[in-house]
Visitor: 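Quick one: this structure, given as structure tokens, is what I'll be asking you about.
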Amino acid sequence: MKPAAPKTRAPFPSDLANDSPSRATSITIDDVLLTLFVGALAWTPFWLGSNRPIAWGINAVLFCALACAYEIVLAVRGRPHPLPIGRIRIAAGLFALAALWALLQNATWTPSAWQHPLWRLAADALDRKVAGSISIDRDLSHLALLRLLTAASAFWLALQLAGDERRARLLVWSVIVIGALYSAVGLFALGILGSGRVFTLPGVGPSKFVTSTFVSQNHFVTFAGIALIGAVGLTLRAYREAFGHTASLLRLKFAMLIETSGGKAALPLASAAVILPAQLLTANRGGIISTALGIVVLVSLTMRNARTRKRSEVLPALFALLLIGAVFVSFGDLFLGRIARDGIIDHGRGWVASLTIASILTRPLTGFGYGTFSAAFPMFRDGGMNLELFWDKAHNTYLEVFQGLGLLFGTMLIASVALLVWICIKGARSNRRGVTIPAIAAGASVLVGVHALVDFSLQIQAVTLTYMTILAAGVAQAVSSRQAPQT
């Protein structure tokens with residue numbers, strides 16, 4: 001009789017991450033979906049940062065179809081979700097309530113007391129019955145809800161794929177490489193170092209700033225900042241791993257610094273060397289300052305978890321500061337010049353914010369309809385600013401959410417994202433393996449969260465989908481990497 005074959009267990013994701021190259025690189029259906037997801041992600045900045053209705057429709061089809069395909073694959077296999085929704089049940093519940101309220105705002109069967117008086121005025125003016133709703137512009141609300149659900153689909157698919165540490169790293173690497181490529185396009189279009197714009201992309205007006213394929217540098221700066229934070233995070237990880245195996249001799253540390261810079265850290269360093277100049281040449285004050293705050297949070301979280309002594313962190317930190325300083329000296333003139341000329345605060349946006357707050361207080365519970373700022377704001381604007389200017393955004397995402405959904409459901413939507421960020425922060429503060437990606441997600445969240453106070457980059461789909469990918473990877477690694485201590 002032949003001896004019974006030994007029983008084997010199915011490999012864990014952590015096993016695959018540290019296994020032989022042949023096993024780690026075996027192609028699965030999940031890998032195919034990951035490739036398609038990255039391809040869709042790379043497309044989103046191409047057409048003006050996906051800031052056009054046609055692009056919104058294309059993105060909705062791409063990301064929702066991929067999410068549905070993943071669910072079908074799981075059902076056919078008879079397998080559970082790698083990360084069940086119960087792991088983020090509070091955040092998911094708050095998001096669902098906010099999305100359902102946004103849908104209800106467009107319903108024409110809601111009580112007349114809830115509906116905006118504008119519909120009754122329209123009925124009186126037209127002398128016929130007009131179907132009313134809470135939303136003052138149902139078309140705008142439908143489009144905003146479409147973008148919201150597209151972002152949710154991208155987050156959900158990235159969350160499931162990123163439960164595997166190898167795929168989570170691939171997602172972060174994809175964001176970095178995509179950011180570097182579009183930064184290179186922006187630098188080339190500008191003519192690098194201010195030698196004159198080489199060409200103007202279709203739909204993008206002439207500018208002395210780097211805009212890449214985006215309508216404005218104000219949006220590209222956030223997109224580039226997310227990629228830059230990812231590159232910094234992976235660079236620090238490479239140096240930390242290398243310095244963890246060296247002795248205390250200073251000359252050995254210098255040798256390891258040089259070796260790592262030309263080895264494991266070469267690609268993230270090269271990416272950062274392209275992204276950082278492009279971001280500085282946007283001269284966007286809010287975006288650059290927000291990125292700096294995000295990098296500070298990233299470094300703080302990663303140094304807290306370093307198993308090596310703090311002295312081991314000093315040399316790579318000084319090296320990184322030296323590189324950033326050199327790039328800033330070379331490309332920071334536009335940024336510093338704009339601060340010297342215009343200051344840090346744009347007073348026009350303060351005027352818009354004050355009027356938006358006033359409009360929120362007129363309908364604090366029901367709101368005006370999700371995504372209807374451009375329709376609601378003209379009813380409240382006064383002579384404080386040039387009346388010829390058309391403000392279709394509040395330049396403060398939080399205020400727009402509150403104005404659209406009302407204070408209760410607006411808070412739910414914002415809290416759903418804040419809870420996910422908190423999961424990343426807790427994961428980055430732990431001593432388990434895989435803390436780098438949650439720290440990157442936390443740093444990127446600080447960037448987009450702070451910049452959303454003064455601009456509307458999160459309402460540009462290329463930025464939102466890129467951020468959702470990083471956030472999902474951070475959440476996935478924060479809740480799934482619990483088998484072993486940090487390495």
Visitor: Side chains of F209 and N284, heavy atoms from C-beta outward: is any pair under 4.5 Å?
Guide: no

Visitor: Return the orientation label for the F223 and F220 ring planes: parallel under 30°, perpendicular over 60°, tilted otherwise.
Guide: tilted

Visitor: Just verifying a value: how many Å separate I178 CD1 and T466 OG1, rounded to the nearest 0.5 Å?
Guide: 7.0 Å

Visitor: Side chain of Q477, backbone of A162: donor and acceptor closer than 3.5 Å?
Guide: yes

Visitor: Does any donor atom in the side chain of N59 or S50 lie under 3.5 Å from an acceptor atom in the other side chain?
Guide: yes

Visitor: Which heavy atom in L66 sits nearest to a heavy atom in L33, and how many Å separate them?
Guide: CD2-CD2, 4.2 Å

Visitor: Charged N to carboxylate O below 4.0 Å: is that the case for D31 and R166?
Guide: yes

Visitor: Any side-chain heavy-atom pair from C68 and E71 closer than 4.5 angstrom?
Guide: no

Visitor: When you compare the side chain of V475 with that of C424, does any pair of heavy atoms fall below 4.5 Å?
Guide: yes

Visitor: On a heavy-atom basis, which atom in A472 and which in L159 lie closest, and how many Å separate them?
Guide: CB-N, 3.5 Å

Visitor: Does the ring pair (Phe, Tyr, Trp, His ring centres under 6.0 Å) test come out yes or no for F37 and F63, once each step is laid out?
Guide: CA-CA 7 Å; F37 180 86; F63 289 96; 5.6 Å; yes

Visitor: Check whether the side chains of W47 and Q461 place a donor and an acceptor atom closer than 3.5 Å, and report yes or no.
Guide: no

Visitor: Find out whether F214 and T282 are in side-chain contact, i.e. whether some heavy atom of one side chain is under 4.5 Å from a heavy atom of the other.
Guide: no

Visitor: Within this structure, what is the CG-CD1 distance for the pair L94 and I88, rounded to the nearest 0.5 Å?
Guide: 11.0 Å

Visitor: Kindly determine whether L161 and L170 satisfy side chain to side chain contact (heavy atoms under 4.5 Å, CB included), including the steps that lead there.
Guide: CA-CA 10 Å; L161 295 174; L170 285 174; over 6 Å; no

Visitor: Nearest 0.5 angstrom please: H395 NE2 to Q459 CD, how far?
Guide: 9.5 Å

Visitor: Between Q279 and V221, is there a donor-acceptor pair closer than 3.5 Å when you use the side chain of the first and the backbone of the second?
Guide: yes

Visitor: So, taking the atom named OG1 in T211 and the one named CG in L48, what distance separates them when rounded to the nearest 0.5 Å?
Guide: 9.5 Å

Visitor: Tell me, with the steps shown, if V417 and Y467 meet side chain to side chain contact (heavy atoms under 4.5 Å, CB included).
Guide: CA-CA 11 Å; V417 179; Y467 171 58; 4.1 Å; yes

Visitor: Within the side chain of Y370, is there an N or O that forms a donor-acceptor pair under 3.5 Å with the backbone of A99?
Guide: no

Visitor: Would a distance-only check, ignoring hydrogens and angles, find a side-chain to backbone donor-acceptor pair under 3.5 Å from T469 to L465?
Guide: yes

Visitor: Testing the basics here: between L234 and V172, what is the closest heavy-atom pair and its distance to 0.1 Å?
Guide: CD1-CG1, 4.2 Å

Visitor: Calculate, to the nearest 0.5 Å, the distance between atoms CG and CZ belonging to L458 and R147 respectively.
Guide: 12.0 Å

Visitor: I'd like to check Q217 versus V210 (side-chain heavy atoms, cut-off strictly below 4.5 Å). Are they in contact?
Guide: no

Visitor: Please confirm whether the backbone N or O of A224 pairs with a side-chain atom of Y182, one donor and one acceptor, at under 3.5 Å?
Guide: no

Visitor: Count the heavy atoms belonging to other residues, nucleotides or ligands that lie under 6.0 Å from CZ of R77, then report whether that count exceeds 12.
Guide: yes

Visitor: For side chain to side chain contact (heavy atoms under 4.5 Å, CB included), just list the numbers for S445 and L471, CA-CA rounded to whole Å, side-chain angles, deciding distance to a tenth of an Å, and then say yes or no.
Guide: CA-CA 8 Å; S445 299; L471 180 62; 4.0 Å; yes

Visitor: How close do P45 and T213 get, counting heavy atoms only, and between which atoms?
Guide: O-OG1, 2.6 Å

Visitor: Can you classify the ring geometry of Y70 versus H81 as parallel (below 30°), tilted (30 to 60°) or perpendicular (above 60°)?
Guide: tilted

Visitor: Do side-chain atoms of N396 reach the backbone of V454 as a donor and acceptor pair under 3.5 angstrom?
Guide: no

Visitor: Which pair of non-hydrogen atoms, one from Q160 and one from P82, has the smallest distance, and what is that distance?
Guide: OE1-CD, 3.2 Å

Visitor: Quick test of your reading of the model: are K393 and D455 salt-bridged, counting only N-O distances below 4.0 Å?
Guide: no

Visitor: If you define the side chain from C-beta out and look only at heavy atoms, does anything of L413 sit under 4.5 Å from L148?
Guide: yes

Visitor: Indicate yes or no: at least one non-hydrogen side-chain atom of I437 is less than 4.5 angstrom from one of L171.
Guide: no

Visitor: Heavy-atom count around F46 CZ within 6.0 Å, excluding the residue itself: above 12?
Guide: no

Visitor: Nearest 0.5 Å please: distance from the OG atom of S374 over to the CD atom of E400.
Guide: 8.5 Å

Visitor: In the structure I gave you, are the side-chain heavy atoms of F402 and I414 within less than 4.5 Å of one another anywhere?
Guide: yes

Visitor: Where is the tightest heavy-atom contact between T302 and A439, given as atom of each residue plus distance?
Guide: CG2-CB, 3.9 Å

Visitor: Set out, in order, the CA-CA distance, both residues' side-chain angles and the distance that settles side chain to side chain contact (heavy atoms under 4.5 Å, CB included) for V435 and S430, then state yes or no.
Guide: CA-CA 7 Å; V435 299; S430 71; 3.9 Å; yes

